[in-house]
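First comes the structure, then the notes that go with it.
What you see below is based on every heavy atom in this structure, not just the backbone, and it leaves out hydrogens, waters and symmetry mates. Index from 1, following the sequence.
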Amino acid sequence: MSARNNAIASNARDIKAHAAAFLEQRDCGDWAEADQAALAAWLAESSAHHIAYLRLSAAWARTERLVALRPPEGAPRTRAPQRALWRRLAGSAVALLAVAALGVTGANFMLQPRERIYATALGGHQTVRLDDGSRIELNTNTTLRAAVNMRHRTVWLDGGEAFFQIAHDTGHPFIVMAGDHRVTVLGTKFLVRRDTNRLEVAVVEGRVRFDGADGRVSLQSAYLTQGDVVVATSSVVSSPKQSEQALASELGWRRGVVVFDNTTLGEAAAEFNRYNQQKIVVDTSVANLTIGGTFRTSDIKLFARVAKDILGLRVETRGDTDVISR
């Protein structure tokens with residue numbers, strides 16, 4: 001094998017090992033918002049990273065369900081075999097053959113949907129059509145896992161923002177898990193945005209239930225209808241009402257735009273930074289000045305020009321950063 005082929009093979013092994021490390025950590029429950037951000041950044045670096053992560057995750061999802069059928073009732077299950085399996089999956093395709101050799105079948109397993117992972121890079125936008133007829137649009141830097149068929153309908157929003165258009169099925173509710181909360185629907189249109197310390201759910205059409213991850217009714221539980229919004233942080237849950245126009249503006253990213261209406265420069269810059277490698281930094285002395293207008297999500301130059309020509313501010317480019325100040 002040539003030196004070039006050796007280098008390619010070595011790089012592929014490194015990518016598999018890196019993907020396996022992320023999946024092992026997530027599976028063991030030691031998963032924080034910082035880990036999710038690191039995963040999203042790593043996936044955005046290369047399509048090879050994304051493919052490796054999808055393949056290993058799909059293989060583990062199948063293995064987890066097969067092995068779950070094997071132990072006798074009450075037998076303990078440990079994480080050690082799972083960690084060993086991650087290393088085998090990352091190191092060789094032989095592990096996949098070993099899984100197939102188990103030959104375990106069962107009606108329950110056959111009915112379970114296979115988990116799929118969808119992810120967008122910084123500035124990305126993807127539309128996903130699920131087996132039950134539902135449709136999900138992923139915004140920039142978003143990771144979503146879906147286990148959906150005609151009988152089981154659950155997705156996990158690990159980070160980012162998604163707009164859901166759910167096929168109506170009274171017998172099989174559609175569940176969106178987002179951190180410590182869940183959204184349960186029968187058929188509706190709604191937005192879920194999950195940032196590091198903030199979760200927002202906004203209903204465009206229909207009715208959803210918002211509550212804790214275990215599904216129990218609590219002081220934070222709520223039924224939401226058209227125009228209702230829930231914003232949850234680690235300590236507070238609020239329910240502001242939004243107008244139809246405000247909801248349409250918030251969904252501007254589906255058309256590739258961000259809409260500002262009396263928005264502070266600081267908030268506007270943070271929104272642009274969600275979509276672009278080139279970042280905007282606003283000096284604290286001007287961060288509370290307000291701006292309005294509709295901008296393409298990638299049009300940082302227009303935003304900077306408005307700040308300079310309309311607001312009379314100074315814009316200085318320093319490498320991959322634009323600094324706005326007086």
- [ ] Answer yes or no: does atom CG of D283 have more than 12 heavy-atom neighbours from other residues, nucleotides or ligands under 6.0 Å?
- [x] yes
Tell me whether V286 is reachable from V323 by hopping between hydrophobic residues (I, L, V, M, F, W, Y) whose side-chain heavy atoms are closer than 4.5 Å.
no
Between D322 and T317, is there a side-chain donor-acceptor contact under 3.5 Å, judged purely by atom types and distance? yes
key: Path from L122 to L157 over hydrophobic side-chain contacts below 4.5 Å   = no
Taken to the nearest 0.5 Å, the spacing of E137 CD from T127 OG1 works out to 4.0 Å
Within 6.0 Å of CZ in R254, more than 12 heavy atoms from elsewhere = yes
Working note: T290 + N262, criterion side chain to side chain donor-acceptor pair (under 3.5 Å); need CA distance, chi angles, decisive distance, verdict. CA-CA 5 Å; T290 59; N262 202 33; 3.3 Å; yes
Checking side chain to side chain contact (heavy atoms under 4.5 Å, CB included) for the pair V185/V183: CA distance, chi angles, key distance, verdict?
CA-CA 7 Å; V185 302; V183 180; 4.1 Å; yes
Heavy-atom closest pair (V192 atom, A178 atom, distance to 0.1 Å) is CG1-CB, 4.5 Å
Tell me, with the steps shown, if Y275 and N141 meet side chain to side chain donor-acceptor pair (under 3.5 Å). CA-CA 8 Å; Y275 298 90; N141 200 22; over 6 Å; no
Query raised in the report: Can you find a heavy atom in the side chain of V128 that is under 4.5 Å from one in the side chain of L144?
Result: no
Across all chains, not counting sequence neighbours, the ring pair (Phe, Tyr, Trp, His ring centres under 6.0 Å) partners of W156 are none
Assess R207 against Y223: is NZ or CZ under 6.0 Å from the centre of the six-membered ring, and within 45 degrees of the ring's axis? yes
When you compare the side chain of H49 with that of I15, does any pair of heavy atoms fall below 4.5 Å? yes
Of all heavy-atom pairs linking A121 and T140, the shortest is O-OG1, 3.8 Å
In short, T142 meets G160 closest at the heavy-atom pair OG1-CA, 3.4 Å
- Query: Under a single-linkage definition using a 4.5 Å side-chain heavy-atom cutoff for Ile, Leu, Val, Met, Phe, Trp and Tyr, are V203 and L199 assigned to the same hydrophobic cluster?
  - Reply: yes
**Worked check of side chain to side chain contact (heavy atoms under 4.5 Å, CB included) between V281 and N273** = CA-CA 9 Å; V281 174; N273 290 343; over 6 Å; no
Worksheet item: Is a salt bridge present between D195 and R193, judged by a nitrogen-to-oxygen distance below 4.0 Å?
Response: yes
Residues passing the side-chain contact (heavy atoms from CB on, under 4.5 Å) test with A246, sequence neighbours excluded, are Q242, S243
When rounded to the nearest 0.5 Å, the distance separating CG of L191 from CG of L247 is 8.5 Å
Q. Same cluster or not: are I280 and I310 linked, directly or through other Ile, Leu, Val, Met, Phe, Trp or Tyr residues, by side-chain heavy atoms under 4.5 angstrom apart?
A. yes
- prompt: Does S134 reach the side chain of R153, with side-chain heavy atoms less than 4.5 Å apart?
  reply: yes
When rounded to the nearest 0.5 Å, the distance separating CG of D169 from CG of L186 is 8.0 Å
Exercise. Hey, is the main chain of N197 close enough, under 3.5 Å, to the side chain of T233 for a donor-acceptor pair?
Worked result: no
In V176, D228, V229, L224, the residue satisfying side chain to side chain contact (heavy atoms under 4.5 Å, CB included) with F190 is V176
Connected to V257, directly or through other members, by ILVMFWY side-chain contacts below 4.5 Å are V259
- Item | Min side-chain heavy-atom separation L130-I136 under 4.5 Å | yes
F295 meets the ring pair (Phe, Tyr, Trp, His ring centres under 6.0 Å) criterion, sequence neighbours left out, with F260, F272, F303
On a heavy-atom basis, the closest approach of N139 and T120 is O-OG1, 2.6 Å
Side-chain heavy-atom pair R274, E161 within 4.5 angstrom cut-off: yes
Practice prompt. Let me see the working for R209 and D211 under salt bridge (charged side-chain N to carboxylate O under 4.0 Å, His left out), right down to the final yes or no.
Written response: CA-CA 7 Å; R209 173 172 165 169; D211 50 29; 2.5 Å; yes
Side chain to side chain donor-acceptor pair (under 3.5 Å) filter on T184, not counting sequence neighbours, yields none
When rounded to the nearest 0.5 Å, the distance separating NZ of K189 from CD of Q165 is 5.0 Å
If the plane angle is over 60° it's perpendicular, under 30° parallel, otherwise tilted; pick one for H181 and F210. parallel
Q.
For K308 and R314: C-alpha separation, side-chain torsions, deciding distance, then whether side chain to side chain contact (heavy atoms under 4.5 Å, CB included) applies.
A. CA-CA 6 Å; K308 181 179 179 180; R314 179 182 179 186; over 6 Å; no
What verdict does the side chain to side chain contact (heavy atoms under 4.5 Å, CB included) test give for H172 and F174, after you've listed the backbone C-alpha separation in whole Å, the side-chain angles of each residue and the deciding distance to 0.1 Å? CA-CA 7 Å; H172 304 95; F174 193 102; over 6 Å; no
dist L251:CG -> S249:OG (nearest 0.5 Å) comes out at 9.0 Å
Rounding to 0.5 Å, atoms CD1 (I175) and OG1 (T154) come to a distance of 4.5 Å
Heavy-atom nearest pair, V155 first then A146, reads CG1-CB, 3.6 Å
Sorted by chain and residue number, the side chain to side chain donor-acceptor pair (under 3.5 Å) partners of R198 (sequence neighbours excluded) come out as E200
* D320 and Q277: side chain to side chain donor-acceptor pair (under 3.5 Å), yes or no, with the steps? -> CA-CA 7 Å; D320 59 358; Q277 295 288 352; over 6 Å; no
> Are V306 and V258 joined in one hydrophobic group, where the rule is that I, L, V, M, F, W and Y side chains link up if heavy atoms are under 4.5 Å apart?
Replying inline: yes
Do F163 and V204 come within less than 4.5 Å of each other through their side chains, counting heavy atoms only? yes
